[in-house]
Amino acid sequence: MSKKTSEIVWPWRATQETPPPAPSRKGPWIQFTVMLSVGLLFYFVLGHAIMAYVLWGIATLLLSGLLFFDGVLRGFEKTGHWLAHGIGTGVTWILLVPFFYIVFGAGRLILRLRGKDPMRRRLEPETESYWTPHQKLDIEARYHRQF
């Protein structure tokens with residue numbers, strides 16, 4: 001009874017239609033409780049009734065999904081994934097792009113002011129060749145200790 005490697009590692013020929021997993025029940029209860037608590041905070045402590053009503057409305061939808069309709073929970077889950085993807089993309093572009101230009105721009109400016117050129121990109125017309133001699137390595141010894 002010999003099996004091929006492809007059958008063990010990745011049985012791509014066997015098409016198994018699996019139903020989507022049921023949404024988690026623990027996380028939405030925590031979300032529901034947090035929404036109610038934050039709504040109470042907005043209503044009684046901060047005095048923002050409209051925001052409290054909005055949060056309580058969303059919490060009511062979530063509760064209906066928890067008690068009666070799994071489709072509502074799937075909708076909350078998809079919306080959460082969509083929102084997380086949007087926030088992650090926004091944070092990437094808003095924070096990381098300026099960080100990249102500030103750090104690497106400042107580093108390049110410091111190297112230029114100090115007269116350093118670690119990549120040897122400066123043109124030197126008096127040299128015959130820009131070839132750097134290759135260091136001969138013991139090939140066999142590299143394979144014995146790779147890391």
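These numbers come from a predicted model, not from an experiment. All residue numbers refer to positions in the sequence shown, counting from 1.
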When you group the ILVMFWY residues by side-chain heavy-atom contacts below 4.5 Å and let the links chain together, are [Y] and [X] in the same group?
| X | Y | result |
| --- | --- | --- |
| L96 | F100 | no |
| W93 | L83 | no |
| L46 | M35 | yes |
| V97 | L95 | no |
| L67 | V34 | yes |

Do other residues, nucleotides or ligands put more than 12 heavy atoms under 6.0 Å from [X] [atom1]?
| X | atom1 | result |
| --- | --- | --- |
| E128 | CD | no |
| L109 | CG | yes |
| R108 | CZ | yes |
| L113 | CG | yes |

In the structure I gave you, are the side-chain heavy atoms of [X] and [Y] within less than 4.5 Å of one another anywhere?
| X | Y | result |
| --- | --- | --- |
| F76 | L61 | yes |
| L73 | L62 | yes |
| R120 | T132 | yes |
| W56 | L40 | yes |

_Any donor-acceptor N/O pair, Y130 side chain to E124 backbone, under 3.5 Å_ = yes
*What residue among E77, K78, H85 forms side chain to side chain contact (heavy atoms under 4.5 Å, CB included) with H81?*
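When E77, K78, H85 are each tested with H81, the side chain to side chain contact (heavy atoms under 4.5 Å, CB included) holds only for E77.
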*Would you name the heavy atoms of S64 and V72 that are closest together and state the gap between them?*
OG-CG1, 4.5 Å
*What is the minimum heavy-atom distance between G39 and A52, and which atoms define it?*
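Heavy atoms only, the tightest pair is O-CB, 3.3 Å.
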In Å and rounded to the nearest 0.5 Å, what is the [atom1] to [atom2] distance from [X] to [Y]?
| X | Y | atom1 | atom2 | answer |
| --- | --- | --- | --- | --- |
| L63 | Q31 | CG | CD | 12.5 Å |
| F42 | M51 | CZ | CE | 5.0 Å |
| L111 | D117 | CG | CG | 8.5 Å |
| R112 | I110 | CZ | CD1 | 13.5 Å |

*Relative to each other, are the rings of Y43 and Y53 parallel, tilted or perpendicular (30° and 60° limits)?*
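Taking Y53 first and then Y43, their aromatic rings sit tilted (interplane angle of 30° to 60°).
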_Once you measure the plane-to-plane angle for F32 and W29, does it fall in the parallel (<30°), tilted (30-60°) or perpendicular (>60°) bin?_
perpendicular
*side chain to side chain contact (heavy atoms under 4.5 Å, CB included) between L55 and L36, worked out*: CA-CA 7 Å; L55 276 174; L36 283 180; over 6 Å; no
